[in-house]
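Worksheet: one structure, shown below.
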Amino acid sequence: MITILYPYRDRELSRLKRSLDSLSKQSQPDFKVLLVDYGSEFKMAESVEGLLATYDFAEYFYSYHVNRPWSRAKAVNIGL
């Protein structure tokens, strides 16, 4: 099984949806997606969580880091 890690914070939902739609059309379904939300605003976090709930291969993790600088490395470490 392959695990794809998405470090995320307050990005466009349309970009995320296109990526997940592409993955849902793959011929090899032996993978999962872990999206680590590193401190998105709460309204955005709710939207992302709702979007990911529509994909059975995706899991959502929220890490509260509001008003702190974005750190892709820390988000990746949380996912690992």
Side-chain angles (χ1 to χ4, degrees):
M1 174 175 289
I2 295 173
T3 301
I4 303 166
L5 179 61
Y6 282 52
Y8 179 86
R9 184 174 187 174
D10 288 328
R11 295 286 183 187
E12 306 89 27
L13 282 180
S14 60
R15 178 187 291 184
L16 180 58
K17 184 173 182 347
R18 281 194 311 270
S19 178
L20 294 171
D21 285 345
S22 175
L23 288 172
S24 70
K25 296 173 184 170
Q26 298 301 309
S27 60
Q28 190 65 277
D30 192 24
F31 67 91
K32 67 178 178 176
V33 170
L34 297 178
L35 186 137
V36 177
D37 188 335
Y38 190 79
S40 289
E41 297 295 327
F42 291 126
K43 188 168 186 159
M44 177 63 82
E46 288 176 354
S47 298
V48 172
E49 187 173 22
L51 175 64
L52 263 69
T54 63
Y55 299 93
D56 59 346
F57 56 83
E59 292 184 53
Y60 178 77
F61 297 95
Y62 184 81
S63 181
Y64 182 81
H65 289 92
V66 176
N67 299 323
R68 292 190 184 168
W70 161 246
S71 175
R72 178 178 307 204
K74 288 182 180 180
V76 167
N77 285 339
I78 291 168
L80 293 175

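For the single chain, residues carry numbers from 1 onward in sequence order.
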Within the 4.5 Å heavy-atom criterion, are [X] and [Y] side-chain neighbours or not?
X   : Y   : value
E59 : V33 : no
F42 : Y64 : yes
I4  : L34 : no
D30 : I2  : no

side-chain contact (heavy atoms from CB on, under 4.5 Å) involving N77 - partner list, sequence neighbours excluded: L80

What residues, two or more places apart in sequence or in another chain, satisfy side-chain contact (heavy atoms from CB on, under 4.5 Å) together with E46? none

Verify, without hydrogens or angle tests, whether S40 (side chain) and D37 (backbone) share a donor-acceptor contact under 3.5 angstrom. no

Is there a donor-acceptor pair under 3.5 Å between the side chain of S19 and the backbone N or O of R15? no

Rounded to the nearest 0.5 Å, what separation is found between the [atom1] atom of [X] and the [atom2] atom of [Y]?
X   : Y   : atom1 : atom2 : answer
M44 : R9  : CE    : CZ    : 12.0 Å
Y6  : L20 : OH    : CG    : 5.0 Å
L35 : Y60 : CG    : OH    : 7.0 Å

Search all heavy atoms of [X] against all heavy atoms of [Y] and return the closest pair with its distance.
X   : Y   : value
S63 : I78 : OG-CD1, 3.4 Å
V76 : P7  : CG2-CG, 4.1 Å
T54 : L51 : OG1-O, 2.6 Å
A75 : V36 : O-CG1, 3.6 Å

Among all residues two or more places apart in sequence or in another chain, which pass the ring-ring contact (aromatic ring centres under 6.0 Å, His included) test with Y62? none

Under the rule for ring-ring contact (aromatic ring centres under 6.0 Å, His included), what residues qualify as partners of F57, not counting sequence neighbours? F31, Y55

Scan residues 63-80 for pairs that pass salt bridge (charged side-chain N to carboxylate O under 4.0 Å, His left out), counting only residues two or more places apart or in two chains. none

For D21, all residues meeting salt bridge (Lys or Arg N to Asp or Glu O under 4.0 Å), sequence neighbours excluded: K17

